[in-house]
2 protein chains.
Amino acid sequence: VKTLKDAGHHVVEEDLYKGRFDAALSAAERQSYYSTQYDYSAVQNEVDKLVAAEAIVLFFPTWWFSFPAILKGWFDRAWGPGITFDHANKYSFLKPRLLQLRKMLAVTTLDSPWWVDQLVMRKPVKRVLKTGLFQACAPKCKFEMLSLYKCERLTAAQVQRFTDRITRVFNSWV
Amino acid sequence: VKTLKDAGHHVVEEDLYKGRFDAALSAAERQSYYSTQYDYSAVQNEVDKLVAAEAIVLFFPTWWFSFPAILKGWFDRAWGPGITFDHANKYSFLKPRLLQLRKMLAVTTLDSPWWVDQLVMRKPVKRVLKTGLFQACAPKCKFEMLSLYKCERLTAAQVQRFTDRITRVFNSWV
């Protein structure tokens with residue numbers, strides 16, 4: 001099996017740049033965040049895809065040890081209350097809503113070497129993704145992450161080995 | 001002294017929302033990132049303010065243990081090569097360029113309690129800001145950060161104590 005499509009999965013692509021996704025949560029959206037109903041009408045399309053997914057694959061570059069702004073905007077706007085979580089009462093944190101989500105894979109590139117990300121920075125992107133977002137909102141989801149370090153100075157063989165790792169994860173899903 | 005202005009400092013405000021700042025680094029900008037000259041013409045105004053500053057104060061909410069998208073976009077687009085750093089050769093990391101910057105204060109709000117940010121998440125926002133951005137690009141800059149935890153359920157007195165802490169930092173600057 002080469003792709004998830006070959007294995008009979010229904011694959012829906014979301015290219016935030018192609019769709020000219022507006023990254024900034026608006027003041028009106030923020031005001032509605034703690035009202036009875038968060039108003040996500042401007043990102044309805046992204047929300048529909050998100051809540052229908054049983055698996056999510058994120059491909060993104062890591063810039064400044066964090067998400068590109070446009071991807072952060074997807075979390076700020078589409079991962080709202082009533083969608084991926086409900087507000088907690090005072091005894092708990094978020095109440096998760098992405099209960100149908102079973103698998104997620106994050107694939108990223110960094111120019112930094114592995115030890116700066118892991119030992120100096122303590123893996124901020126992985127920690128925010130895994131603990132802050134997916135474990136909080138999708139407790140049944142198996143989380144995997146592949147990071148391509150020193151991505152500006154790789155040989156073709158090194159890139160190939162990395163893409164092989166992505167394929168192996170997909171093969172384990174089918 | 002109540003404000004930095006009272007102390008004779010020239011204070012320039014930058015409200016990214018008011019200026020409708022476009023957070024997404026464009027494909028053309030990214031292509032120019034590794035060319036001889038990064039093309040930051042679309043964010044010239046933000047760059048001019050940034051390189052002229054001797055001190056920076058950032059006010060922002062922390063969402064999902066990271067920057068709001070619009071602030072991340074400011075780092076993605078205005079903190080480019082030839083502005084805040086130069087590309088490293090293979091023996092070093094970034095070469096810093098913000099050598100005139102002496103002080104920075106980050107002020108943020110989080111709904112999470114302090115121990116989740118610090119013990120579970122390992123302070124991802126502070127680590128990215130301090131180590132990833134300011135220590136890399138502005139080595140002479142003294143870094144301070146004030147975090148207001150559990151910000152959705154505070155008394156007026158608690159908020160006042162926090163604003164007093166901000167004032168104390170400003171007073172130490174004048």
Side-chain angles (χ1 to χ4, degrees), chain A residues 16-27 30 33-34 61-80 84-85 87-90 93-94 110-113 116-117 120-137 150 152-153, chain B residues 16-27 30 33-34 61-80 84-85 87-90 93-94 110-113 116-117 120-137 150 152-153:
Chain A
L16 295 174
Y17 267 97
K18 201 185 280 177
R20 299 179 161 276
F21 183 73
D22 186 352
L25 184 77
S26 74
R30 184 62 182 170
Y33 215 86
Y34 292 96
T62 292
W63 293 338
W64 296 115
F65 299 101
S66 44
F67 305 125
I70 201 168
L71 177 58
K72 183 60 194 344
W74 183 69
F75 290 118
D76 288 348
R77 300 183 76 205
W79 283 58
T84 63
F85 69 93
H87 290 298
N89 60 45
K90 66 178 176 176
F93 296 112
L94 307 182
L110 308 79
D111 187 38
S112 103
V116 174
D117 178 47
V120 179
M121 301 298 293
R122 309 291 188 92
K123 299 181 273 188
V125 169
K126 184 173 184 181
R127 220 174 277 270
V128 169
L129 265 181
K130 182 176 181 176
T131 309
L133 285 152
F134 281 84
Q135 285 183 347
C137 301
K150 290 185 153 186
E152 288 163 17
R153 51 203 102 179
Chain B
L16 295 174
Y17 267 96
K18 202 184 280 178
R20 299 180 162 275
F21 184 74
D22 186 352
L25 183 79
S26 74
R30 184 62 183 171
Y33 214 87
Y34 292 95
T62 293
W63 292 338
W64 296 116
F65 300 101
S66 43
F67 306 125
I70 202 168
L71 177 59
K72 182 61 195 342
W74 183 68
F75 290 118
D76 288 348
R77 300 183 75 204
W79 284 57
T84 62
F85 69 93
H87 290 298
N89 61 45
K90 67 178 174 175
F93 297 111
L94 308 182
L110 307 80
D111 187 37
S112 104
V116 174
D117 178 47
V120 179
M121 301 299 293
R122 310 290 187 92
K123 299 181 272 189
V125 170
K126 183 173 185 181
R127 220 174 277 272
V128 169
L129 265 181
K130 181 176 182 175
T131 309
L133 285 152
F134 281 84
Q135 285 183 347
C137 300
K150 291 184 153 186
E152 289 162 17
R153 50 203 103 180

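Treat the numbers as computed from the prediction; the structure is a model and nothing was measured. Below, chain A is the first sequence line, B the second, and so on; all start at residue 1.
Of the two parts of Tyr34(A), only the side chain, counted from C-beta on, holds a non-hydrogen atom closer than 4.5 Å to a non-hydrogen atom of chain B. For Trp74(A), no part sits under 4.5 Å from any heavy atom of chain B, backbone or side chain. Only the side chain of Tyr17(A) comes within contact range of chain B, with at least one heavy atom under 4.5 Å from a heavy atom of that chain. With a 4.5 Å cut-off on non-hydrogen atoms, Val125(A) does not touch chain B at all.
The residue from Phe67(B), Phe85(B), Phe134(B) that alone fulfils the ring pair (Phe, Tyr, Trp, His ring centres under 6.0 Å) condition with Trp64(A) is Phe85(B).
When each of Met121(B), Arg20(B), Lys150(B) is checked for heavy-atom pairs under 4.5 Å with chain A, Met121(B) comes out on top. With chain B as partner, the option from Pro68(A), Ala27(A), Ser26(A), Pro61(A) having the largest number of non-hydrogen pairs under 4.5 angstrom is Pro68(A). Of the listed residues (Lys123(A), Arg77(A), Arg30(A)), the one with the most heavy-atom contacts under 4.5 Å to chain B is Arg30(A).
Closest approach of Ala69(A) to Asp76(B), counting heavy atoms only: N-OD2, 2.9 Å. Taking each heavy atom of Trp63(B) and Leu25(A) in turn, the nearest pair found is CH2-CD2, 3.5 Å.
With rounding to the nearest 0.5 Å, the separation of CG in Leu133(A) from OG in Ser66(B) is 7.0 Å.
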